[in-house]
Novice: 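Quick one: structure below, then a few questions.
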Amino acid sequence: MTPERARRAVAEALSAAFERVTGIRRLVQVVEPHDASFGDLSTQIALEAAGGLGMNPGKLARELAESADLPADIVGRISVAGHGFLNMTFSDSYLDSYAFELGTDGLLGFLPRASGAGRALVEYVSSNPTGPLSVGHCRQAVLGEAIARLLEATGWKVEREYYFNDAGRQTALLGESLAARYFTLAGTPMPVPEGGYQGGYISEWAGDLLASRPGLSWPGDSEVFTSYARDRAMDLIVSDLSLLGIVFDRFFNESSLVPVAAAAALERLSSVNTGEGSLVYENPPGSGKMWLRLTALGRPEDRVVRRENGMFTYRMPDMAYHLDKFARGYDLLVDIFGSDHLDTSRDVTAALEALLGREEVSRRLKIVLHQFVTLLREGRKVKMSTRSANFVTLRELVEEVGSADVTRYLFLTRRAEAHMDFDLELAARQSDENPVYYVQYAHARICGILGTAAAGGIEPPAALSGFAGRLSDPAERKLIRLLELVPCRVISAADALEPQRITELLAEIATAFHSFYQKIRVVDPAERELSSARLLLCRACRNVIRDLLGILSVEAPERM
RNA sequence: GCGCCCGUAGCUCAGCUGGAUAGAGCAGCGGACUUCUAAUCCGCAGGCCUCGCGUUCGAAUCGCGACGGGCGUACCA
């Protein structure tokens, strides 16, 4: 019995009671009361519905409690509280058998949604291949990976994809920047183009290229420079990502969409009539410059999608790319972007809705926008700018923090849409100010207990009969009840695409365990059966911490 | 100007699909190590949930409007 199924069974029993009492079919929502003293599950259905039915909420609640045929193996008690809250308490047998399975098999078996999940594609990072990844990309990489793992944990088949912008002007500019360094090194100085890339890494690439391919010319060999720079940038990005343990299933090249697929997408958009004329129009007439009539779709401005020179602007292949992703048949498409992408992504979404229908797009496409990171060093903001290469790279960040785990965890303690101050000194400090150690320490502590028990010949019970009914201390019950909440909390974090809820959950579990540890002596040779049961609870807790940290790609150390 | 995000304890932030007394960490103060790891625990203190109006049985949560901060507002990506 997974906690999700248990709640569903309770909700169905209450819905049936509601129908018997009021004659109305309605799905009753069951939630956890914020104060544990109210019980384990609660519903406000009587408060919500009484007004519309002209009934007294308290009376309705009492009748519902009376009528409800709740599954006895799950709910031990139901009561009416306040103006009409219905509070329920889990039966001990339900909690014990859950904890036993958790301690025996771990958390992951409880996570897949009962209703099932399909195939998902998560697109993240998708940074321009023009240099090393920055701190901002780091947040996105960590966020995207955690979302991907969260979906996997809850039963989705996930593919990770990186959209590689290798066809636009920036790529050409990068190639020219490389050429400038190349010819300067070769003794015929060439200026870095206006707005070009200045990073020291470009000079390094130029040196390597000069060594392997001397005698190139400009602009005759521009394609050589561009593709060399692109390949080097890609290698750099792949290696930066590997610092965080991130591996993409696919790098989808923008260049593969240009010009054929982008032109086909433009053609499809042209066939849409908005009521204010075709969705695509040419202006000035005969110029070849094509505009997308986004104002007809509720967007603030029309946008150029093809320039006079025939080149597509960024939005056009991006639309083609999304059409491609939709056509590949995923049940869920997740896009993770920085907030600077807001306008573009809204435009792309509007165009997709015009082609595929609003309902289809909103059901299958979820866009997560994250706000920027402000890096603090010695309490002051670190200013950054990409083109001038004056920025802190992902690699520098991870090295300065000294740990990929800490970097990941800290980025995941804030909601995506919250601005984030990342304090480098705090992150690098190995102290109790650093939340990741608090959680890892709980795990290490439990492993210590397991070791002590094993050395003393105490084993966790092999069957439920050796566990059920043995743990009655309030500290033990409290821990079991918290562990029972975990699967539903993980599922809702996955639904919301908010891995930050997992770090919160971990902190809560660690707190509960540390507190339990303080009050309860687990290994007691004089009480072998009790010790054995407690050991199983510890193992359940360890399994949960380990599995949740796994979703965040953070190590669960056995010793600290 | 316009669009979006944010505004909750001294600081950093949870809580936001409306529910019972608004939470955590850090910082501050006071306690707890002959016991499985004190990177821990227990307690105290700290709040006009930015402000105003509205929606309703009920608002930190939803709507409108101010104010403050961020991002964007390209024929870059």
Side-chain angles (χ1 to χ4, degrees), chain A residues 29 31 33-35 37-38 42-44 47-48 50-51 57 81-85 87 126-130 163 165 167-171 173 195 254 289-291 299-301 303-309 311-315 317-318 338-344 346 369-372 374 376 386-387 410 413-423 426 430-442 444-453 455-456 458 492 495-496 500-501 503-504 507-508 510-511 513-524 531 534-535 538 559-560:
Chain A
Q29 298 279 344
V31 299
H34 69 85
D35 184 335
S37 70
F38 294 134
S42 174
T43 179
Q44 297 118 29
L47 289 169
E48 285 167 27
H83 309 295
F85 291 97
N87 293 333
S126 295
S127 145
N128 279 346
T130 58
Y163 181 60
N165 287 114
R169 248 183 58 182
Q170 292 305 321
T171 308
L173 203 54
E254 179 191 12
K289 184 193 282 191
M290 306 303 284
W291 295 72
R299 298 291 303 149
E301 286 175 74
R303 300 285 183 180
V304 173
V305 288
R306 200 178 69 185
R307 297 193 281 263
E308 278 175 77
N309 64 9
M311 297 276 285
F312 294 107
T313 65
Y314 170 74
R315 282 176 174 75
D318 201 18
S339 60
D340 56 336
H341 260 66
L342 175 75
D343 252 37
T344 308
R346 289 286 171 85
L369 283 167
H370 67 87
Q371 296 295 315
F372 280 30
T374 305
L376 299 176
T386 307
R387 302 278 157 82
L410 291 178
T413 54
R414 275 153 190 70
R415 292 145 72 217
E417 62 268 32
H419 297 274
M420 176 169 188
D421 288 335
F422 192 100
D423 185 325
L426 175 64
Q430 291 196 24
S431 74
D432 54 357
E433 289 172 69
N434 207 325
V436 61
Y437 297 121
Y438 181 77
V439 174
Q440 289 184 319
Y441 182 57
R445 248 184 168 175
I446 298 171
C447 291
I449 295 172
L450 299 181
T452 305
I458 294 173
S492 79
D495 285 348
Q500 139 263 331
R501 298 190 194 183
T503 56
E504 279 163 43
E508 233 179 293
T511 298
F513 177 77
H514 285 310
S515 179
F516 159 87
Y517 176 89
Q518 210 70 25
K519 291 186 198 115
I520 303 283
R521 172 81 201 181
V522 177
V523 179
D524 180 358
S531 290
R534 286 175 170 163
L535 202 55
C538 287
R559 193 163 314 207
M560 285 175 77

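Everything quoted here is computed from the prediction, not taken from an experiment. Order of the sequence lines fixes the chain letters, A, B, ..., with proteins taken first and strands second; residue numbering starts at 1 for each chain.
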Novice: B:G15, OP1 or OP2 - any side-chain N/O from A:R415 closer than 4.0 Å?
Specialist: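 So the side chain of A:R415 is within the cut-off, an N or O lying under 4.0 Å from OP1 or OP2 of B:G15.
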Novice: Counting the atoms with a prime plus P, OP1 and OP2 as sugar-phosphate, which does A:S127 contact under 4.0 Å by heavy atoms, base, sugar-phosphate, or nothing?
Specialist: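 No contact at all - A:S127 keeps every heavy atom at 4.0 Å or more from the nucleic acid.
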Novice: Can you tell me if A:Y438 touches the phosphate of B:C41, counting only side-chain N or O atoms and a distance under 4.0 Å to OP1 or OP2?
Specialist: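 So the side chain of A:Y438 is within the cut-off, an N or O lying under 4.0 Å from OP1 or OP2 of B:C41.
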Novice: Is there a donor-acceptor contact under 3.5 Å from the side chain of A:T374 to the main chain of A:D421?
Specialist: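 Judged by distance alone, no pair lies under 3.5 Å.
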Novice: Expressed as a whole number of angstroms, how long is the span from A:E301:CD to B:G72:P?
Specialist: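 After rounding, the gap between these two atoms is 15 Å.
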Novice: Quote, to the nearest angstrom, the C1' distance that separates B:U40 from B:C33.
Specialist: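 Comparing C1' positions in B:U40 and B:C33 gives a spacing of 10 Å.
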Novice: Nearest-Å distance, CZ (A:F422) to C1' (B:C13)?
Specialist: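 Atom CZ in A:F422 sits about 15 Å away from atom C1' in B:C13.
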Novice: For A:E417, which contact category applies under a 4.0 Å heavy-atom criterion: base, sugar-phosphate, or nothing?
Specialist: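 If one applies the 4.0 Å heavy-atom cut-off, A:E417 turns out to touch the sugar-phosphate alone, with no base involved.
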Novice: Select base, sugar-phosphate, or nothing to describe what A:A507 touches, counting heavy atoms under 4.0 Å on all strands.
Specialist: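 It contacts nothing in the nucleic acid.
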Novice: For A:S531 and A:V522, work out which heavy atoms get closest and say how close.
Specialist: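 Here A:S531 and A:V522 meet closest at OG-O, 3.1 Å.
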Novice: Would you indicate which nucleotide in B:A20, B:C71, B:G19 comes nearest to any side-chain atom of A:D340?
Specialist: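 Of the candidates, B:C71 comes closest.
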Novice: Which nucleotide in the list B:U73, B:C36, B:A14 gets nearest to the side chain of A:R414?
Specialist: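 Out of B:U73, B:C36, B:A14, the nucleotide with an atom closest to A:R414's side chain is B:A14.
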Novice: Rounding to an integer number of angstrom, what distance separates B:A45 and B:C26 when you compare their C1' atoms?
Specialist: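 It comes out at 15 Å once rounded to the nearest Å.
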Novice: Does OP1 or OP2 of B:A74 have a side-chain N or O of A:R315 closer than 4.0 Å?
Specialist: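 It does not, given that no N or O in the side chain of A:R315 lies less than 4.0 Å from OP1 or OP2 of B:A74.
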Novice: Is there a side-chain contact between A:R445 and the phosphate of B:A39, meaning an N or O under 4.0 Å from OP1 or OP2?
Specialist: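 Looking at the OP1 and OP2 atoms of B:A39, neither is under 4.0 Å from any side-chain N or O of A:R445.
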Novice: Does a side-chain heavy-atom distance below 4.5 Å link A:T313 with A:R303?
Specialist: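 A:T313 does not reach A:R303 side chain to side chain.
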Novice: Reckon A:R559 touches a base, only the sugar-phosphate, or nothing at all at heavy-atom distances under 4.0 Å?
Specialist: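 If one applies the 4.0 Å heavy-atom cut-off, A:R559 turns out to touch a base.
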Novice: Which part of the nucleic acid, if any, lies within reach of A:H514 when heavy atoms closer than 4.0 Å are counted: base, sugar-phosphate only, or nothing?
Specialist: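 The residue A:H514 makes sugar-phosphate contact but no base contact.
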Novice: Compare the minimum distances between each of B:A38, B:G15, B:U73 and the side chain of A:E504, then state the nucleotide with the smallest one.
Specialist: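 For A:E504, the side-chain atoms sit closest to B:G15.
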Novice: Would you indicate what A:S126 reaches in the nucleic acid, counting non-hydrogen atoms under 4.0 angstrom: base, sugar-phosphate, or nothing?
Specialist: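 The answer is nothing, as A:S126 stays clear of every strand by at least 4.0 Å.
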Novice: Measuring only between side-chain heavy atoms, which start at C-beta, is A:F85 closer than 4.5 Å to A:Q44?
Specialist: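 The answer is yes; the side chains approach within 4.5 Å.
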Novice: Can B:C33 be described as syn, meaning its chi torsion is within 90° of 0, or is it anti?
Specialist: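 You should classify B:C33 as syn.
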Novice: Taking atom types as they are modelled, would you say the side chain of A:D343 forms a donor-acceptor pair with the base of B:A74 within the 3.5 Å cutoff?
Specialist: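 Donor-acceptor pair under 3.5 Å: no.
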Novice: Report the distance from atom CG of A:L376 to atom C1' of B:C11, rounded to the nearest whole Å.
Specialist: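 In whole Å, B:C11 C1' lies 12 Å from A:L376 CG.
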Novice: May I ask you to say what A:E508 touches in the nucleic acid, namely base, sugar-phosphate or nothing, with a heavy-atom cut-off under 4.0 Å?
Specialist: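 Answer is nothing: A:E508 stays at 4.0 Å or more from every strand.
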Novice: Could you tell me whether A:N87 contacts a base, only the sugar-phosphate backbone, or nothing, with contacts defined as non-hydrogen atoms closer than 4.0 Å?
Specialist: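 Base contact.
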Novice: For B:G3, which nucleotide is its Watson-Crick or G-U wobble mate, given both distances must be under 3.5 Å?
Specialist: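 Per the H-bond distance test, B:C71.
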Novice: B:G19 and B:U61: how far apart are their C1' atoms, nearest whole angstrom?
Specialist: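 Taking atom C1' in both B:G19 and B:U61, they lie 11 Å apart.
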Novice: For nucleotides B:C5 and B:A14, find the distance between their P atoms and express it as a whole number of Å.
Specialist: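 Each nucleotide's P atom is 15 Å from the other's.
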Novice: Would you kindly check whether a donor in the side chain of A:H341 faces an acceptor in the base of B:G72, or vice versa, at under 3.5 angstrom?
Specialist: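 Side chain to base: no pair present.
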Novice: Any side-chain N or O of A:R521 under 4.0 Å from OP1/OP2 of B:C36?
Specialist: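 Checking B:C36 against A:R521, no side-chain N or O comes under 4.0 Å of OP1 or OP2.
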Novice: I'd like the P distance from B:C4 over to B:C13, given in whole Å.
Specialist: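 Each nucleotide's P atom is 23 Å from the other's.
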Novice: Which nucleotide wins on minimum distance to the side chain of A:V523, given the candidates B:A77, B:C36, B:A20?
Specialist: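 Taking heavy atoms from C-beta onward, the closest nucleotide is B:C36.
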Novice: Picking from B:C5, B:G19, B:C36, which would you name as closest to the side chain of A:Q371?
Specialist: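 That would be B:C5.
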Novice: Nearest whole Å is fine: how far is B:C26 P from A:N434 CG?
Specialist: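 Spelled out: CG on A:N434 to P on B:C26 is 11 Å.
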Novice: For the backbone of A:T503 and the side chain of A:R501, can you confirm whether one donor and one acceptor N or O come within less than 3.5 Å of each other?
Specialist: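 No; judged by distance alone, with no hydrogens or angles, the pair does not exist.
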Novice: Does any non-hydrogen side-chain atom of A:I458 lie less than 4.5 Å from one of A:D524?
Specialist: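 The answer is no; the side chains never approach within 4.5 Å.
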Novice: Measure the distance from CZ on A:F372 to C1' on B:C6 and round it to the nearest whole Å.
Specialist: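 From A:F372 CZ to B:C6 C1': 14 Å.
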Novice: Considering only atom C1', compute the distance from B:A77 to B:G68 and round it to an integer number of Å.
Specialist: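 After rounding to an integer number of Å, I get 31 Å for this pair.
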Novice: Examine B:G15: is either OP1 or OP2 under 4.0 Å from a nitrogen or oxygen in the side chain of A:Q500? Give yes or no.
Specialist: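 Yes.
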Novice: Go through the N and O atoms of the side chain of A:T344 and the base of B:A77, and report whether any donor-acceptor pair is under 3.5 Å.
Specialist: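 Yes.
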Novice: Considering only heavy atoms from C-beta outward, does the side chain of A:D318 approach that of A:H341 to under 4.5 Å?
Specialist: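 No. Closest side-chain heavy atoms not under 4.5 Å.
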Novice: Find the partner of B:A32: check Watson-Crick (N1-N3 plus N6-O4 or O6-N4) and G-U wobble (N1-O2, O6-N3) distances, both under 3.5 Å, and reply none if neither fits.
Specialist: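 Paired with B:U40.
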Novice: A:H419 NE2 to B:C4 P: how many Å, rounded?
Specialist: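 Whole-Å distance recorded here is 14 Å.
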Novice: Could you tell me how far B:U8 sits from B:G69 if I compare only their P atoms? Round to whole Å.
Specialist: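 It comes out at 14 Å once rounded to the nearest Å.
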Novice: Cation-pi between A:R445 and A:F513: NZ/CZ under 6.0 Å from ring centre and within 45° of the ring axis?
Specialist: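 Output no; distance or angle outside limits.
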Novice: If I take atom CD in residue A:Q29 and atom C1' in nucleotide B:G19, what distance separates them, rounded to the nearest angstrom?
Specialist: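 Roughly 13 Å, once rounded to whole Å.
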Novice: For the backbone of A:N165 and the side chain of A:T171, can you confirm whether one donor and one acceptor N or O come within less than 3.5 Å of each other?
Specialist: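 The answer is yes, because a donor-acceptor pair under 3.5 Å joins these two groups.
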Novice: Under 4.0 Å between a side-chain N/O of A:Y437 and OP1 or OP2 of B:U40, yes or no?
Specialist: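 Checking B:U40 against A:Y437, no side-chain N or O comes under 4.0 Å of OP1 or OP2.
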Novice: With a 4.0 Å cutoff (strictly under), does any side-chain N or O of A:S515 reach OP1 or OP2 of B:C42?
Specialist: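 True: A:S515 side-chain N/O within range (under 4.0 Å) of B:C42 OP1/OP2.
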Novice: How far does the P atom of B:G58 sit from the matching atom of B:G23, given to the nearest Å?
Specialist: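 Those two atoms are separated by 22 Å.
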Novice: From CZ of A:F513 over to C1' of B:U40, roughly how many Å is that when rounded to an integer?
Specialist: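 Roughly 11 Å, once rounded to whole Å.
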Novice: So what does A:I520 touch, heavy atoms closer than 4.0 Å: a base, only the sugar-phosphate, or nothing?
Specialist: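 Base contact - A:I520 has a heavy atom under 4.0 Å of at least one base atom.
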